[in-house]
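Right, one structure below, let's go through it.
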Amino acid sequence: MKTLLIVLALWFTSVASQALEPQLAVQDYITLHHQASRLREPGWADTMRKLAAVGDGFSAEHVKPLLLKNPGEAESALIKSVIEATQKRAAAESDEAFVKAIQVRLERAAAVDLSCDELEGTLVQWVLKSIAENIKRPGVRAELGRIESKYVSASKEKSDYVSTNKEQPLFGDPTMRIKAYVRQITAAKSPEQVGGATTR
């Protein structure tokens with residue numbers, strides 16, 4: 001068991017030092033976090049390894065509650081390694097990388113919000129608050145202004161979320177919701193004042 005834990009620790013350390021957060025498609029990101037919540041299902045360990053490689057600051061917050069579900073020693077090590085890897089990646093995120101990630105993070109938030117997805121209560125709040133907390137970083141306000149005035153989906157696929165989730169249609173216009181998020185962020189006097197998912 002000690003050997004396994006050492007191997008896991010070394011692997012996740014190398015993952016944390018790799019390039020910053022790859023741009024997962026909206027639905028791929030959402031699905032990966034759904035799968036990460038299912039601690040005892042087959043393939044969970046593979047999901048966690050992938051999440052460590054591509055997750056962001058939200059990923060760390062998302063998996064922390066799993067430590068309260070009495071995981072075994074190996075599972076606990078995986079969870080802690082995901083937290084460590086994603087937190088290190090988030091801490092190392094450059095101004096340029098942060099700005100580049102803003103639009104896709106807003107798209108992920110809109111997707112879970114408008115489809116009443118199980119992540120809407122946490123992901124929307126994290127996205128809006130994390131952007132608000134970093135609004136003074138170079139380029140952030142300019143990017144928010146660009147999105148509000150001339151937003152075009154960053155997704156390579158048209159209606160990326162809807163196309164793979166026909167049973168979860170969007171209840172509203174993603175473009176309007178994303179622009180509303182931008183207004184919430186820029187109008188907030190503090191990150192704590194930024195709202196979360198819209199109630200219907």
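How far CZ of Phe58 is from CG of Leu119: 5.0 Å, rounded to the nearest 0.5 Å. Note that CG of Leu123 is 9.5 Å distant from CG of Asp113, once rounded to the nearest 0.5 Å. Note that the OH atom of Tyr29 and the NE2 atom of His34 stand 11.0 Å from one another [nearest 0.5 Å]. Residue Asp173 holds its CG atom at 8.0 Å from CG of Leu114, rounded to the nearest 0.5 Å.
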For a side chain to side chain contact (heavy atoms under 4.5 Å, CB included) check, start with the C-alpha distance between Arg108 and Val127, then their side-chain angles and the critical distance, and finish with the verdict.
CA-CA 9 Å; Arg108 293 166 181 168; Val127 169; 5.6 Å; no

Please assess Arg105 against Glu93 for the test salt bridge (charged side-chain N to carboxylate O under 4.0 Å, His left out), listing each intermediate value before the final yes or no.
CA-CA 14 Å; Arg105 288 176 180 169; Glu93 192 172 45; 2.9 Å; yes

Using the side chain to side chain contact (heavy atoms under 4.5 Å, CB included) rule, take Ile135 and Leu144 through it: C-alpha gap first, then chi angles, then the decisive distance, then the call.
CA-CA 9 Å; Ile135 200 163; Leu144 291 173; 4.1 Å; yes

Dump the intermediate steps for side chain to side chain contact (heavy atoms under 4.5 Å, CB included) on Met48 and Val63, then the final yes or no.
CA-CA 9 Å; Met48 296 299 278; Val63 301; 4.0 Å; yes

Set out, in order, the CA-CA distance, both residues' side-chain angles and the distance that settles salt bridge (charged side-chain N to carboxylate O under 4.0 Å, His left out) for Lys80 and Glu84, then state yes or no.
CA-CA 6 Å; Lys80 290 176 181 177; Glu84 181 181 354; over 6 Å; no

Full working for side chain to side chain contact (heavy atoms under 4.5 Å, CB included) between Thr47 and Arg38:
CA-CA 10 Å; Thr47 294; Arg38 297 167 188 145; over 6 Å; no

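Residues passing the side chain to side chain contact (heavy atoms under 4.5 Å, CB included) test with Ser130 are Trp126, sequence neighbours excluded. Partners of Asp46 by side-chain hydrogen bond (donor to acceptor under 3.5 Å, both in side chains), not counting sequence neighbours, listed by chain and number: Arg49. For Asp95, the salt bridge (charged side-chain N to carboxylate O under 4.0 Å, His left out) test picks out Arg137, with sequence neighbours left out. Here Ala132 pairs with Ile185, Pro191, Val194 under the side chain to side chain contact (heavy atoms under 4.5 Å, CB included) rule; sequence neighbours left out. The salt bridge (charged side-chain N to carboxylate O under 4.0 Å, His left out) test applied to Lys69 returns no partner, not counting sequence neighbours. Applying the side-chain hydrogen bond (donor to acceptor under 3.5 Å, both in side chains) test to Gln87 and every residue at least two apart in sequence or in another chain returns nothing. Applying the salt bridge (charged side-chain N to carboxylate O under 4.0 Å, His left out) rule to Glu75 yields no partners; only residues at least two apart in sequence or on another chain are considered. Legend: residues meeting side chain to side chain contact (heavy atoms under 4.5 Å, CB included) with Ser190, ordered by chain and number and at least two apart, are Glu192, Gln193. Listed by chain and number, the residues in a side chain to side chain contact (heavy atoms under 4.5 Å, CB included) with Lys179 are Tyr151, Thr175, Arg183 (sequence neighbours excluded). With sequence neighbours excluded, the residues that form a salt bridge (charged side-chain N to carboxylate O under 4.0 Å, His left out) with Arg146 are Glu143. Residues satisfying the side-chain hydrogen bond (donor to acceptor under 3.5 Å, both in side chains) test with Thr186, not counting sequence neighbours, are none.
Nearest heavy atoms, Ala52 versus Ala85: O-CB, 3.9 Å. In this structure, Val124 and Ala109 approach most closely via the heavy-atom pair CG2-O, 3.4 Å. Residues Cys116 and Glu120 come closest through the heavy atom pair CA-OE2, 3.7 Å. Between Ala60 and Thr86 the shortest heavy-atom distance is CB-OG1, 3.3 Å. Across all their heavy atoms, Ile131 and Val140 have their closest contact at CG2-CG1, 4.4 Å. When all heavy atoms of Leu67 and Ser76 are compared, the pair lying nearest together is CD2-OG, 3.8 Å.
For the residue pair Asp28/Thr31, the side-chain donor-acceptor check at 3.5 Å is not satisfied. Side-chain polar atoms of His62 and Thr122 form no donor-acceptor pair below 3.5 angstrom.
Using a 4.5 Å heavy-atom threshold, the side chains of Ile147 and Leu106 count as touching. No side-chain heavy atom of Pro71 sits under 4.5 Å from any side-chain heavy atom of Leu66. Between Pro174 and Glu107, the closest side-chain pair of non-hydrogen atoms is not below 4.5 Å.
Counting heavy-atom neighbours within 6.0 Å of Glu133 CD, excluding the residue itself, gives a total above 12.
Side-chain atoms of Arg89 come within 3.5 Å of backbone N or O of Gly55 as a donor-acceptor pair.
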